[in-house]
4 protein chains.
Amino acid sequence: MSAPLLELDPTSPVPIYQQIRDRVVEAVAAGALPAGAPLPSVRSLAAGFGINTATVAKAYDRLRAEGLLRTTSKSGSVVARGPGDPPSPPHVLDDWRARLRTLLAEGHAHGVPDVVAVCREVLGDLAPPTREEAS
Amino acid sequence: MSAPLLELDPTSPVPIYQQIRDRVVEAVAAGALPAGAPLPSVRSLAAGFGINTATVAKAYDRLRAEGLLRTTSKSGSVVARGPGDPPSPPHVLDDWRARLRTLLAEGHAHGVPDVVAVCREVLGDLAPPTREEAS
Amino acid sequence: MSAPLLELDPTSPVPIYQQIRDRVVEAVAAGALPAGAPLPSVRSLAAGFGINTATVAKAYDRLRAEGLLRTTSKSGSVVARGPGDPPSPPHVLDDWRARLRTLLAEGHAHGVPDVVAVCREVLGDLAPPTREEAS
Amino acid sequence: MSAPLLELDPTSPVPIYQQIRDRVVEAVAAGALPAGAPLPSVRSLAAGFGINTATVAKAYDRLRAEGLLRTTSKSGSVVARGPGDPPSPPHVLDDWRARLRTLLAEGHAHGVPDVVAVCREVLGDLAPPTREEAS
DNA sequence: GTGGTCTAGACCACG
DNA sequence: GTGGTCTAGACCACA
């Protein structure tokens, strides 16, 4: 795999900590980071990208608040849950639905013929049915 | 129903200009604002909500950049396109897809059982039969 | 009122951002900061205590995550809820109960004769029945 | 029931030494560890859980500082006091009260309807009949 | 003016 | 070694 796991764009208006958070969320959804999988240490990740440790720490902080990450001083940060685990609390999901609503509306307004089809496609391409991983 | 067209929440962490933009996008998607429909002038909208004209102008700017709004000195600002029109240029849709990807991943990672079903539901509830509409 | 609203102890092992958070929580519980009440700006509070703005920002961040604070760029940070409002999500309350359990056990183990009585006292002294405030 | 006496969660963000300390405090409060009861040696406890002896030592240190533990070279570490014994010195109780104040305030601020009732419930469920207790 | 983001670097707690 | 905390200061987004 030459997949770099993380690609950051310092020129993007999206905050770096948010980009890190997004990439991790996607990796978790895709099963690339199953529950229990370790994430790079704050220091190493920061060093690898030439960014500040505080920035990475903030990304991890958010993920922790979302319940996707658990961290102990000893073993560092590990993924706390996967797609198959019981759904997160309603409070979290409601907020997600609201954002989804706006985003789907945007696609529809822009003339995407079948938004649901795109969703299916994006999602399938993201988290293949968790088969044997390959074939 | 006098259909308020726009509801803004000044206490929300979402920037006002973003809220305006989001509401317009949703109205366009729902067909409430068909192509050619006039939007209130920057001045009147700002006055109506007691907000700064610069805030409204910024929202309109974004909508214009997205290709959803067209402004002429003659007819003011009108909706530039509707859900049925040909899709927006690729660079717009690609960006949308990227954001969609992250958002769907978030739902999946948080244990939503059938993300596509939720999308279908949210979308149907947003822009129902679109065209003939009623019966 | 000579009550300084906030007293911080830089020598305490309790992080400063946590101290700020705790004092705000107490003020909210006591009704001294009712829903909608504005908190000092990050800058002014930091300046007033000779601490860094990032430290205050972190405290506010936590309060925001707890649902006690809401902040907009315009009006700054305001209290988002009060004691009388509907209870926070179970997720939050369960965690609180667990911490309460340990803390009450501690008091009991240390020979406090009637822990419940102390709770009643502490609480009454904290949030008087919301009377006319004094008499 | 083989009563595990101690259950540690290495994935918890709560430091291990703190978990040990908390569990012992709760056991003392519940009467499961009456005054004079011996605790496992630092070495054996550490071995039993596969953790560092320094971690256990730190937990015992804290308990000793709190006055709940007494260590002699002869009899090892034994519980120094129980719920029925005379209250611990004021400086210990004052600190406890301060933390209690913050925690109760937190519950109240989060809309718990009757905080005292919850305390009663939690406590009764923690250290039920203690001695002959009821009739 | 407000808060949000990020950097560079230091110190401490945990195990 | 890990992450958590804090400082001093800069820049940007929002209204």
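Here is how names work: the chains are called A, B, and so on, in the same order as the sequence lines, proteins then strands, and each is numbered from 1.
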Which pair of heavy atoms, one from [X] and one from [Y], lies closest together, and at what distance?
{"X": "B/Thr71", "Y": "B/Ser77", "answer": "OG1-OG, 2.9 Å"}
{"X": "C/Ala80", "Y": "C/Gly67", "answer": "CB-O, 3.6 Å"}
{"X": "C/Arg64", "Y": "C/Leu69", "answer": "CG-O, 3.5 Å"}
{"X": "B/Val79", "Y": "B/Arg70", "answer": "O-NH2, 4.4 Å"}

| task | Return one dot-bracket line describing DNA chain F 5' to 3' (Watson-Crick or G-U wobble pairs, both distances under 3.5 Å; ( ) same strand, [ ] crossing, | another strand, . none). | result | ||||||||||||||.
| task | Just grab all the salt bridge (Lys or Arg N to Asp or Glu O under 4.0 Å) pairs involving residues 91-102 of chain C, residues at least two apart or on different chains. | result | C/Asp95-C/Arg99, C/Arg97-D/Glu121, C/Arg99-D/Glu106, C/Arg101-D/Asp125
| field | D/Asp9: partners by side chain to side chain contact (heavy atoms under 4.5 Å, CB included), with sequence neighbours left out | value | D/Thr11, D/Ser12, D/Gln19
| Who passes side chain to side chain contact (heavy atoms under 4.5 Å, CB included) against D/Pro13, sequence neighbours left out? | none
| said: Check this one for me: any side-chain N or O of A/Ser41 less than 4.0 Å away from OP1 or OP2 of F/dG3? | reply: yes
| field | Distance below 4.0 Å between C/Arg64 side-chain N/O and E/dG4 OP1 or OP2 | value |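 True: C/Arg64 side-chain N/O within range (under 4.0 Å) of E/dG4 OP1/OP2.
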Whole-Å distance separating the [atom1] atom of [X] from the [atom2] atom of [N]:
{"X": "C/Gln19", "N": "F/dT5", "atom1": "CD", "atom2": "C1'", "result": "12 Å"}
{"X": "C/Tyr60", "N": "E/dT2", "atom1": "OH", "atom2": "P", "result": "11 Å"}
{"X": "C/Phe49", "N": "F/dC6", "atom1": "CZ", "atom2": "P", "result": "14 Å"}
{"X": "C/Asp61", "N": "E/dT5", "atom1": "CG", "atom2": "C1'", "result": "12 Å"}
{"X": "B/Arg21", "N": "F/dC14", "atom1": "CZ", "atom2": "C1'", "result": "17 Å"}

| Within the distance-only criterion (no hydrogens, no angle test), does the side chain of A/Arg81 pair as donor or acceptor with the backbone N or O of A/Ala35 below 3.5 angstrom? |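 Not at all, since once roles are kept as given, no pair shorter than 3.5 Å links the two residues.
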| request: Can you check each nucleotide of nucleotides 10-15 of chain E against protein heavy atoms at under 4.0 Å and return B for base, S for sugar-phosphate only, - for none, in 5' to 3' order? | output: ----SS
Could you pull out every donor-acceptor pair under 3.5 Å between side chains of residues 50-60 of chain C and any protein atom, sequence neighbours left out?
{"residue": "C/Asn52", "atom": "OD1", "partner": "C/Ala54", "partner atom": "N", "Å": "2.7"}
{"residue": "C/Tyr60", "atom": "OH", "partner": "C/Pro40", "partner atom": "O", "Å": "2.7"}

| remark: Per nearest nucleotide of DNA chain E, the residue lying toward the 5' end, A/Ile51 or C/Gly76, is C/Gly76
